[in-house]
Q: 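Below you'll find the structure I mean.
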Amino acid sequence: MNYAAVDHFFEQQLLASDLIPAQVAAACESAGLPPFSVTPTQGKFLRMLAQISGARRVLEVGTLGGYSTAWFASALPDDGQLITLEIDPARAAIARANLDAVGLGDRVEIRVGSAMDTMPQLVAEAGAKFDFIFVDADKQHTFDYFQWAIQLSRPGTVIVVDNVVRDGEVLNGATEDKHVRGMQRFFAHVATELRVDMTALQTVGEKGWDGFVIGRVR
Ligand code: SAH
Ligand code: DHB
Ligand code: MG
């Protein structure tokens, strides 16, 4: 037995009726996208966090094929909105097709470009704040995305950061992996971040050992 087998068991017992994300996962795989999406149990966990927090406006940083997007979008009320940011136009096009195919396209706006540009653009637009923000793009910029996310938040906004453990590499001070170094930079800075109340959860499952930081803006 292993972590992946238990994840598959949970999927069969608890997620069997969640057909839309499963359809998007299959579409991501047949489009040949890399296996970077959150796992099914993680996707549903994130959707529950968004639901419990009453989120109507969700921002996602890192779209890939729209798998986590589909979980969030399927939790939104009818007047809800999700903006998701993706640097790769080919991936954005796949996500657009995947979300349209399952009837969620009308509530999702995909902005193509580096989030290092599109997040400050969102701040400059000074639109309504977001209720829930999921940071899941290139890891070297995680700290920057977190700073922009705070700018796009109101008190009570939930900010979740993915891939904060990376098989425990987050503690390897000698790592040359730029993604892990990005996460280390994030932790070095947020240790003194007073604007957000934060914790972290390690995860095991289909995609090995990783984790989330979960924050609530004060
Ligand atoms: N959230 C998705 C997975 C995202 S994978 C899910 O769980 O289903 C990370 C994505 O971030 C990739 O598609 C990658 O192309 C994108 N990305 C990388 N650098 C980026 C940047 N600077 N700005 C926006 N997106 C970026
Ligand atoms: C990878 C995993 C992720 O969850 C992600 O968001 C980006 C990359 C990876 O396995 O490389
Ligand atoms: Mg991720």
Side-chain angles (χ1 to χ4, degrees), residues 4 7 18 20-29 31-47 49-50 58-75 82-99 102 104 108-122 132-149 152 159-170 175 177-183 186 200-214:
D7 245 354
D18 295 291
I20 286 181
Q23 208 177 317
V24 175
C28 287
E29 197 176 340
L33 292 175
F36 298 163
S37 311
V38 294
T39 65
T41 52
Q42 289 173 352
K44 192 161 185 179
F45 170 74
L46 293 169
R47 183 175 75 177
L49 283 185
V58 176
L59 174 64
E60 176 178 75
V61 188
T63 314
L64 192 63
Y67 179 69
S68 52
T69 322
W71 280 108
F72 289 125
S74 58
L82 190 156
I83 298 179
T84 183
L85 311 178
E86 173 56 54
I87 197 171
D88 181 333
R91 290 176 175 180
I94 292 167
R96 168 52 61 202
N98 290 350
L99 294 162
V102 296
L104 293 172
V108 179
E109 180 186 339
I110 305 176
R111 294 205 181 184
V112 181
S114 172
M116 291 295 282
D117 301 321
T118 51
M119 289 190 89
Q121 274 162 22
L122 282 168
F132 191 103
I133 301 176
F134 181 47
V135 177
D136 190 27
D138 57 314
K139 312 308 165 190
Q140 58 269 47
H141 292 129
T142 297
F143 176 67
D144 308 86
Y145 300 148
F146 193 76
Q147 293 301 304
W148 295 116
L152 292 163
I159 304 176
V160 176
V161 180
D162 193 23
N163 308 115
V164 305
V165 174
R166 288 282 179 153
D167 286 314
E169 279 299 291
V170 66
T175 186
D177 183 319
K178 63 185 181 188
H179 299 283
V180 176
R181 291 181 71 91
M183 221 40 96
F186 165 73
L201 279 181
Q202 300 186 65
T203 58
V204 292
E206 264 173 53
K207 285 176 57 183
W209 176 25
D210 215 323
F212 299 114
V213 158
I214 300 170

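Atoms considered below: every heavy atom in the structure, side chains included; atoms not considered: hydrogens, waters and symmetry mates. When a ligand or atom number is given, it counts from 1 through the structure's own listing order.
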Q: Does an N or O from Ala115, backbone or side chain, lie closer than 3.5 Å to an N or O of ligand 1?
A: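 Yes, at least one N or O pair falls under 3.5 Å.
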Q: Kindly say whether Gly62 contributes a backbone atom to a donor-acceptor pair with the side chain of Arg91 at under 3.5 angstrom?
A: no
Q: Quick one: which ligand 1 atoms are inside 4.0 Å of a heavy atom on Thr63?
A: 2 (C)
Q: Tell me the closest heavy-atom pair linking Glu206 and Thr39, and the distance in Å.
A: CB-CG2, 3.8 Å
Q: Checking Asp167 side chain against Glu169 main chain: does a donor-acceptor pair fall under 3.5 Å?
A: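 Checked: no pair found.
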Q: Using side-chain heavy atoms (C-beta onward) and a distance below 4.5 Å, is Lys139 in contact with Thr142?
A: yes
Q: Starting from atom 9 (C) of ligand 1, which protein heavy atom do you reach first, and at what distance in Å?
A: Asp136 O, 3.2 Å
Q: State, yes or no, whether a side-chain contact exists between Phe212 and Asp162 at a heavy-atom distance under 4.5 Å.
A: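 Yes, their side chains come closer than 4.5 Å.
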Q: I need the nearest protein heavy-atom contact for atom 19 (N) of ligand 1: residue, atom name and distance, please.
A: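 Checking every protein heavy atom, the shortest distance to atom 19 (N) of ligand 1 gives Asp138 OD1, 3.2 Å.
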Q: What is the total of protein N/O/S atoms that are closer to the Mg ion (ligand 3) than 2.8 Å?
A: 3
Q: Among all protein heavy atoms, pick the one closest to atom 26 (C) of ligand 1 and tell me residue, atom and distance.
A: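 It is Ile87 CG2, 3.5 Å.
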Q: Near ligand 2, which residues have a heavy atom under 4.0 Å away from one of its atoms?
A: Phe36, Asp136, Lys139, Asp162, Asn163, Arg166, Lys207
Q: Whether the side chain of Asp88 engages the backbone of Ala90 through a donor-acceptor N/O pair (distance < 3.5 Å, no angle test) should be reported.
A: yes
Q: A side-chain contact here means heavy atoms from C-beta on lying under 4.5 Å apart; do Thr175 and Arg166 qualify?
A: no
Q: Got a donor-acceptor contact below 3.5 angstrom from the Glu86 side chain to the Leu64 backbone?
A: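 Between the backbone of Leu64 and the side chain of Glu86 there is a qualifying donor-acceptor contact (under 3.5 Å).
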Q: For Arg111, I'd like to know if atom CZ has over 12 heavy atoms of other residues, nucleotides or ligands within 6.0 Å.
A: yes
Q: Check this for me: Glu109, atom CD, are more than 12 non-hydrogen atoms of other residues, nucleotides or ligands nearer than 6.0 Å?
A: yes
Q: Taking atom types as modelled and ignoring hydrogens, do the side chains of His141 and Asp144 form a donor-acceptor contact shorter than 3.5 angstrom?
A: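 Their side chains do not contain a donor-acceptor pair, so the 3.5 Å distance test is not met.
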Q: Which residue owns the protein heavy atom closest to atom 8 (O) of ligand 1, what's the atom, and how far is it?
A: Ser68 N, 3.1 Å
Q: Which of these, Phe36, Tyr67, Tyr145, has its nearest heavy atom closest to atom 22 (N) of ligand 1?
A: Tyr145
Q: Can a donor-acceptor pair be found, under 3.5 Å and without considering hydrogens, that links the side chain of Asp210 to the backbone of Val165?
A: yes
Q: Can you see whether Arg47 engages Ser74 through a side-chain donor-acceptor pair at a distance of less than 3.5 angstrom?
A: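 Yes, side-chain donor-acceptor contact under 3.5 Å.
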Q: Taking all non-hydrogen atoms of both residues into account, name the closest pair between Gly65 and Leu33 and its distance.
A: CA-CD1, 3.4 Å
Q: Is Gly66 in polar range of ligand 1, meaning some N or O pair under 3.5 Å apart?
A: no
Q: Could you tell me which atoms of ligand 1, counted from 1 in the order shown, lie closer than 4.0 angstrom to a heavy atom of Gly62?
A: 1 (N), 2 (C), 4 (C), 10 (C), 11 (O)
Q: Is it true that Arg91 lies under 4.0 Å from ligand 1, counting heavy atoms only?
A: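 The answer is yes, since Arg91 has a heavy atom less than 4.0 Å from ligand 1.
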Q: Which is closest to atom 13 (O) of ligand 1 in terms of heavy atoms, Glu86, Lys207, Met116?
A: Glu86
Q: For Gly113, take its heavy atoms, then give the atoms of ligand 1 lying under 4.0 Å from any of them.
A: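 Every atom of ligand 1 under 4.0 Å from some heavy atom of Gly113: 23 (N), 24 (C).
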Q: What protein heavy atom is closest to atom 7 (O) of ligand 1, reported as residue, atom name and distance in Å?
A: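 For atom 7 (O) of ligand 1, the nearest protein heavy atom is Val38 N, 2.9 Å.
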Q: Do Tyr67 and Asn98 have side-chain atoms, one donor and one acceptor, less than 3.5 Å apart?
A: no
Q: Over 60° means perpendicular and under 30° means parallel, so tell me whether Phe146 and Phe186 are parallel, tilted or perpendicular.
A: perpendicular
Q: With heavy atoms under 4.0 Å as the rule, classify the contact between Asp162 and ligand 1 as side chain, backbone, both or neither.
A: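 It is neither; nothing of Asp162 touches ligand 1.
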